[in-house]
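Report on one structure; see the data block that follows.
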Amino acid sequence: MLNIKRLIFLLSLYLIGTTSLIAQDNSNPVIDKQNENNFVAITYTPKPEAVVTVNQDPRIKILLDLKSKMEKEGDFSDRYKIQLYYGNLNQANEVMKTSKEAFPQWDSSIRWETPNYKVWLGNYRTRLDADRALKEIHTKFPNAFIFKPE
């Protein structure tokens, strides 16, 4: 009797299992029978390379070069400079010569403003850069100061 109950139990499990497999096969008829591990075969095609053509006026490059040159020379007024001297031309030339020897990393120039000459040093983008330079310059020129040319 016990063996008959086991047989009926195993037979019912078998029938339940097979009917669930049949139901799965009927619900998704697109499944590939060769691909039993649920992997999907894909094909990879590389993306085509894009080509971009830029048509621009050749004068744009000239303008960009001019702007970068003006920025390097300090023609824009948003820069800071350090004034080393204000007085006569002979003394201004001496101060400029001394500043070029002591601080070759910064450009120096002489500007004339009636009736005296000024010696300017550097061309700094930020006030912080100018302050750092002034700290070093004060060793040779204690009267130097930072200003923003107009």
If I take atom [atom1] from residue [X] and atom [atom2] from residue [Y], how far apart are they, to the nearest 0.5 angstrom?
X: L66; Y: I62; atom1: CG; atom2: CD1; result: 9.5 Å
X: M96; Y: L89; atom1: CE; atom2: CG; result: 10.5 Å
X: I82; Y: F147; atom1: CD1; atom2: CZ; result: 9.5 Å
X: T126; Y: R79; atom1: OG1; atom2: CZ; result: 10.0 Å

Measure across [X] and [Y] and return the closest heavy-atom pair with its distance rounded to 0.1 Å.
X: Y124; Y: A133; value: OH-CB, 3.3 Å
X: A144; Y: L84; value: CB-CD2, 3.8 Å
X: L121; Y: S108; value: CD1-CB, 3.7 Å

inquiry  = Hydrophobic cluster membership, with links at side-chain heavy-atom distances under 4.5 Å among I/L/V/M/F/W/Y: are V95 and W106 in one?
reply    = yes

ask   = Do I137 and L128 share a hydrophobic cluster, counting only Ile, Leu, Val, Met, Phe, Trp and Tyr and linking them when any side-chain heavy atoms are less than 4.5 Å apart?
value = no

query = In terms of side-chain geometry, is the basic nitrogen of R127 or D131 positioned less than 4.0 Å from the acidic oxygen of its partner?
reply = yes

inquiry  = Closer than 3.5 angstrom, by distance alone: can the side chain of K81 be matched with the main-chain N or O of N123 as a donor-acceptor pair?
reply    = no

message = Strictly distance-based, threshold 3.5 Å: is any side-chain N or O of N88 a donor or acceptor partner for the main-chain N or O of Q91?
response = yes

Working for salt bridge (Lys or Arg N to Asp or Glu O under 4.0 Å), residues K69 and D65 = CA-CA 6 Å; K69 179 183 173 194; D65 292 339; over 6 Å; no

query = Angle class for the F103/F141 ring planes (parallel below 30°, perpendicular above 60°, tilted otherwise)?
reply = tilted

request  = Might you confirm whether atom CG of D107 has over 12 heavy atoms from other residues, nucleotides or ligands at distances under 6.0 Å?
outcome  = no

